[in-house]
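Working notes, structure below.
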Amino acid sequence: MLSMQRHSKRFALIDCNNFYVSCERAFQPKLADRPIVVLSNNDGCIISRSNEVKSIGVPMGAPIFKWRKILDRYSTVVFSSNFPLYGDISSRIMSILAEYCADIEVYSIDEAFLNFANCTTDFAKEVQHMIMKCTSIPVSIGIGSTKTLAKIANKIAKQYLQYGGIFEIDGDLDIDNLLSTIDVSDIWGIGRKSTILLDAYGIKNAYELSKLPDRWVRKHLTITGLRTVQELRGIACSDIELHHARKKSIATTRSFGYEVNNLPELEQSISTYAARAAKKLRDQSSLASHISVFLHTNKFQDIIQYHQVRNIIFDEPTDYTPAIINAAISSIKHIYKDGYQYKKTGIVLSGITSNEYQQKGLFSENNYNRQRTINNLIDGINNKWGSDAIFFGSMGIKRNWRTVQNQHSRSYTTNIHDIIEVQ
DNA sequence: TCTGGGGTCCTAGGACCC
DNA sequence: TCTGGGGTCCTAGGACCC
């Protein structure tokens with residue numbers, strides 16, 4: 001019975017190829033064969049690469065300045081990240097998937113797991129074709145009896161062009177032989193540290209890992225590692241999660257465009273992040289009971305470093321922007337020290353609860369109806385007229401500290417002024 | 001010169017209780 | 001001066017993911 005259940009499960013992982021790069025290409029087809037990279041905030045790191053750039057050997061997450069010369073030599077097109085665009089394309093792709101399969105788990109901006117128990121590989125081809133037709137985004141599909149195996153199948157689908165972007169790990173294959181071709185570092189859930197540890201014990205590939213005794217794995221790789229190993233053996237430890245869970249923490253953090261050394265600018269930036277985080281909180285109908293504010297210098301520079309965190313527990317859980325800004329400013333004042341060059345600051349809201357019931361403070365004198373009215377008013381104006389249409393004075397006007405984005409593409413699908421023109 | 005941001009889960013260890 | 005055992009809860013930090 002157990003083994004029947006085991007084999008009745010079938011997961012598909014749909015993963016967009018080089019997603020951010022593909023989004024940029026979708027609106028500039030002339031870039032189809034050009035090497036392209038998309039940069040992180042502040043134009044710092046390379047976070048998406050076209051196949052041409054991958055074949056040059058540029059690694060994921062590399063700082064652009066170290067590779068600029070080589071990329072220029074290949075006439076690489078460089079984009080700053082345009083998350084409104086990528087988010088919009090992503091939601092279009094997810095809606096197409098949802099039309100094909102009700103059991104869908106949106107795993108990340110460019111990936112989704114589907115319950116494929118009753119689907120064929122021909123069906124996968126149809127899904128792939130439809131996404132290309134509607135969005136111009138190429139996707140790869142991996143199928144397996146566990147999510148971990150579907151991930152590996154997806155990797156194979158991407159790697160070997162002869163499969164047309166679709167690969168299934170099923171009972172007809174010599175799975176042990178296939179797993180022995182997969183490096184442990186390429187397994188979902190095995191990161192840098194675990195790879196080093198496994199290497200020290202002579203474990204190089206997925207097959208060797210799958211044969212280790214449970215107790216050893218539990219001891220060295222914790223319970224999460226054991227789940228990964230079970231999944232390599234075809235025993236599903238994780239199912240499709242249909243419902244988008246409420247986030248348990250909400251962060252807004254940024255590096256500055258340049259080093260900041262004065263309190264007023266830090267107060268402006270932390271106010272801005274606080275307002276943004278408060279908005280995210282309200283968008284998921286939550287309250288936060290805890291705020292954490294941090295501040296640090298540039299860890300890559302050979303200078304005297306400073307890093308400090310301040311935690312505050314709210315008297316009562318809140319989603320009220322002024323309350324969150326106040327806590328953020330008082331925190332930053334508390335941890336700020338004169339004489340340092342600061343590179344990054346941010347806030348994290350946690351202790352998240354539903355806004356349906358609000359635990360009131362014992363001595364609270366807050367007027368909740370008034371707070372709600374103000375929240376709704378601000379959100380209403382900003383939703384209609386743009387996210388900065390109305391803002392708090394503490395966020396500053398000039399905001400010189402803001403991140404740098406010099407190669408931004410247009411917001412083709414989310415801003416009417418940026419809509420594409422056809423001549 | 002130039003190095004992202006936003007999440008989740010797990011564990012160890014401290015505080016506290018009886 | 002000597003000073004147990006067992007439990008819970010919380011938090012910081014690490015590892016991992018995209």
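Numbers restart at 1 for each chain; the letters A, B, ... are given by sequence-line order, proteins then strands.
In this structure, A/Arg276 reaches neither bases nor backbone, as no heavy-atom distance under 4.0 Å exists between it and the strands shown. Across all strands shown, A/Ile223 has heavy atoms under 4.0 Å from sugar-phosphate atoms exclusively, and none from any base. Residue A/Leu39 is classed as having no contact, given no heavy-atom separation below 4.0 Å to the nucleic acid. Here A/Lys299 lies out of heavy-atom contact (under 4.0 Å) with every strand. Within the 4.0 angstrom heavy-atom criterion, only backbone atoms of the sugar-phosphate kind lie near A/Asn41; the bases stay farther away. Across all strands, A/Arg254 comes closer than 4.0 Å only to sugar-phosphate atoms, never to a base (heavy-atom distances).
Scored by the side chain to side chain contact (heavy atoms under 4.5 Å, CB included) test, A/Lys151 finds A/Leu13, A/Tyr107, A/Glu111, A/Phe113, A/Trp188 as partners (sequence neighbours excluded). Residues passing the side-chain hydrogen bond (donor to acceptor under 3.5 Å, both in side chains) test with A/Thr148, sequence neighbours excluded: A/Glu231. The ring pair (Phe, Tyr, Trp, His ring centres under 6.0 Å) test applied to A/Tyr207 returns no partner, not counting sequence neighbours.
For A/His334, the NE2 atom is loosely surrounded, since the number of other residues' heavy atoms within 6.0 Å does not exceed 12.
Remark: C1' of B/dG4 and CZ of A/Arg402 are 18 Å apart, rounded to the nearest angstrom. Between A/Phe256 atom CZ and B/dG5 atom P the separation is 10 Å, expressed in whole Å. Remark: P of B/dC2 and CG of A/Asn406 are 15 Å apart, rounded to the nearest angstrom. If you measure from atom CD of A/Gln405 to atom P of B/dG4, you get 13 Å, rounded to the nearest angstrom.
Defined by atom type and a distance below 3.5 Å, a donor-acceptor pair is missing between the side-chain atoms of A/Asp183 and A/Asn205.
Of the C1' atoms belonging to C/dG4 and B/dC17, the separation is 14 Å, rounded to the nearest Å.
Under 4.0 angstrom from either OP1 or OP2 of B/dG6 there lies at least one side-chain N or O belonging to A/Thr253. In terms of phosphate contacts, A/Lys280 brings a side-chain nitrogen or oxygen within less than 4.0 Å of OP1 or OP2 of B/dG6. OP1 or OP2 of B/dC2 sits under 4.0 Å from a side-chain N or O of A/Gln301. Listed pair A/Lys344 / B/dG5 meets the phosphate criterion, a side-chain N or O lying under 4.0 Å from OP1 or OP2.
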**Request:** Would you please test A/Phe123 and A/Tyr100 for ring-ring contact (aromatic ring centres under 6.0 Å, His included) and show each step?
**Result:** CA-CA 9 Å; A/Phe123 183 72; A/Tyr100 279 94; 5.6 Å; yes

**Message:** Could you walk me through whether A/His296 and A/Tyr340 satisfy the ring-ring contact (aromatic ring centres under 6.0 Å, His included) test, starting with their C-alpha distance in whole Å, then the side-chain angles of each, then the deciding distance to 0.1 Å, before giving a yes or no?
**Reply:** CA-CA 9 Å; A/His296 56 79; A/Tyr340 291 97; over 10 Å; no

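For the side-chain contact (heavy atoms from CB on, under 4.5 Å) criterion with A/Asn42, the lone passing option out of A/Arg402, A/Arg254, A/Lys343 is A/Lys343.
A residue-by-residue look at A/Cys45 and A/Ile250 shows that A/Cys45 has its nearest nucleotide of DNA chain B further toward the 5' end.
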**Complete:** A correct 5'-to-3' footprint of nucleotides 7-18 of chain C, with B, S and - meaning base, sugar-phosphate only and no protein heavy atom under 4.0 Å, is -----S--SSSS

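Distance check, rounded to the nearest 0.5 Å: NZ of A/Lys280 to CD of A/Gln284 gives 10.5 Å.
Under the salt bridge (Lys or Arg N to Asp or Glu O under 4.0 Å) criterion, no residue pair touches residues 127-136 of chain A, with sequence neighbours excluded.
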**Request:** Quick one: the dot-bracket string of DNA chain B, using Watson-Crick and G-U wobble pairs with both distances under 3.5 Å, [ ] for crossing pairs and | for bases paired to another strand.
**Result:** ....||||||||||||||

